[in-house]
Amino acid sequence: NRRPLGRTGLHVSELGFGCGMVGGLLVRGEYPEMRRAVARAVELGINYFDTAPLYGDGQSEVNLGAILRELRAEVLVGTKVRIAVKDMARIEAAIAESMEASLRRLGRDSVDLFQLHNPIAAQRRADSAALTPDDLPAVIRAFETLRRKGKTRFWGITALGDTEALHRAVDMGGFHTIQTVYNMLNPSGGRPVASRFPYQDYRQLIDRAFAKGIGVIAIRVLAGG
């Protein structure tokens with residue numbers, strides 16, 4: 001089954017293929033096993049593959065790129081950028097450098113979706129890689145520059161961090177997608193929870209994004225393992 005991804009015009013499979021650390025196949029698996037899994041996913045209609053530089057220090061991107069080239073699979077690929085604390089004063093340059101490094105590892109000229117991997121907080125802290133909503137205009141400028149250069153088609157954010165800051169970021173807009181937590185232990189991104197709910201209450205962030213025409217990608221669907 002396919003669903004529209006916000007207002008991007010992309011139609012993505014309801015299930016995407018995560019290339020991260022929890023399952024770990026694309027990070028530390030054997031190549032024949034990785035190839036079989038990706039080929040089977042494509043055969044079953046999965047057309048969205050999610051990776052990031054943080055997954056195996058780039059190894060996930062390297063493996064995914066090699067397999068997709070071998071299979072000649074026409075799929076949608078999303079990767080991410082996490083701005084390091086040392087680069088907070090040069091956000092736009094850091095994003096451009098991360099994109100070039102990801103494209104080299106993937107062996108591609110472009111990706112379909114490029115996402116900010118930093119959490120969003122109410123305020124900056126010297127020891128944290130969290131950005132604030134006030135930082136997002138610089139992030140979006142960098143993404144728009146990458147689009148003009150043909151490096152990415154769409155961009156988004158990872159909606160982790162302070163709930164109030166995340167809602168403010170969604171209200172500001174300027175991006176096409178969010179990744180947000182949704183699972184049986186914490187469904188608060190998509191439904192109301194009790195006042196004494198023991199985990200972070202995302203206060204139906206999915207509904208807020210939907211109202212803005214922002215596509216939603218559910219993450220941590222198995223509660224991070």
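Quick note: residue numbers are just sequence positions, from 1. This structure is a prediction, so every number in the text was calculated from the model and none was measured.
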Measure from the side-chain N and O atoms of [X] to the backbone N and O of [Y], and report whether any donor-acceptor pair falls under 3.5 Å.
X      : Y      : value
Thr158 : Leu116 : yes
Thr8   : Leu5   : yes
Asn186 : Gln200 : yes
Ser98  : Ala94  : no
Ser110 : Thr152 : no
Thr163 : Asp201 : yes
Trp155 : Gly174 : yes

Query raised in the report: Can you pull the salt bridge (Lys or Arg N to Asp or Glu O under 4.0 Å) pairs that have at least one residue in residues 47-69, sequence neighbours excluded?
Result: Asp50-Lys80, Glu61-Arg105
Results of side-chain contact (heavy atoms from CB on, under 4.5 Å) for [X] - residues two or more places apart only:
X      : result
Arg40  : Glu43, Leu44
Arg196 : none
Leu68  : Val38, Leu64, Ala73, Val75, Val77, Arg108

Query raised in the report: Leu25, Phe49: one ILVMFWY side-chain cluster at the under-4.5 Å cut-off?
Result: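 Hydrophobic grouping puts Leu25 with Phe49.
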Requested in this report: Find out if a path of hydrophobic residues (ILVMFWY) with successive side-chain heavy-atom gaps under 4.5 Å connects Met88 to Ile95.
Outcome: yes
Report task. Examine Phe114 together with Phe143 and report whether their ring centres are nearer than 6.0 Å. Result ->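 Aromatic pair counts; centres sit under 6.0 Å.
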Query - Short N-O contact, Asp134 and Arg168, less than 4.0 angstrom - result: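 Salt bridge present between Asp134 and Arg168.
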Query raised in the report: Any ion pair linking Asp109 and Lys151 (charged N to carboxylate O, less than 4.0 Å)?
Result: no
Can you establish whether the number of heavy atoms outside [X] located under 6.0 Å from its atom [atom1] is more than 12?
X      : atom1 : value
Tyr199 : OH    : no
Glu164 : CD    : no
Arg220 : CZ    : no

Report summary line: Heavy-atom closest pair (Pro187 atom, Phe197 atom, distance to 0.1 Å) is CD-CZ, 4.3 Å
Requested in this report: Would you mind listing the cluster partners of Leu222? Hydrophobic ones only (ILVMFWY), side-chain contacts under 4.5 Å, chaining allowed.
Outcome: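 Val221, all in the cluster of Leu222.
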Report task. Report the C-alpha distance between Glu14 and Arg2 in whole Å, list the side-chain angles of each, state the deciding distance to 0.1 Å, and finish with yes or no for side-chain contact (heavy atoms from CB on, under 4.5 Å). Result -> CA-CA 6 Å; Glu14 287 180 340; Arg2 301 277 173 94; over 6 Å; no
Requested in this report: Please tell me if the side chains of Leu26 and Gln59 come closer than 4.5 Å, counting only heavy atoms from C-beta onward.
Outcome: no
Query raised in the report: Are Leu131 and Arg124 side-chain neighbours, meaning at least one heavy-atom pair lies under 4.5 Å?
Result: yes
Query raised in the report: Can Val42 and Asn47 be said to form a side-chain contact (heavy atoms from CB on, under 4.5 Å), step by step?
Result: CA-CA 6 Å; Val42 172; Asn47 74 337; over 6 Å; no
**Report entry** CA sep, side-chain torsions, deciding dist, call: Glu70, Arg35, salt bridge (Lys or Arg N to Asp or Glu O under 4.0 Å)
**Finding:** CA-CA 9 Å; Glu70 184 179 347; Arg35 187 188 183 283; 2.6 Å; yes
Report task. Test side-chain contact (heavy atoms from CB on, under 4.5 Å) on Leu160 and Val181 and set out the steps. Result -> CA-CA 8 Å; Leu160 297 175; Val181 171; 3.5 Å; yes
Query raised in the report: Testing Ile214, Ile178, Thr180 for side-chain contact (heavy atoms from CB on, under 4.5 Å) with Ile206, which one passes?
Result: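 So, applying the side-chain contact (heavy atoms from CB on, under 4.5 Å) to Ile206 and each of Ile214, Ile178, Thr180, only Thr180 qualifies.
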Requested in this report: Could you give me the CA-CA distance, side-chain angles and deciding distance for Val216 and Leu205, then say whether side-chain contact (heavy atoms from CB on, under 4.5 Å) is met?
Outcome: CA-CA 10 Å; Val216 175; Leu205 187 65; over 6 Å; no
Report task. Enumerate the residue pairs fulfilling side chain to side chain donor-acceptor pair (under 3.5 Å) with a member in residues 111-122, sequence neighbours excluded, ordered by first and then second residue. Result ->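 Every pair satisfying side chain to side chain donor-acceptor pair (under 3.5 Å) with a residue in residues 111-122: Asp112-Arg153.
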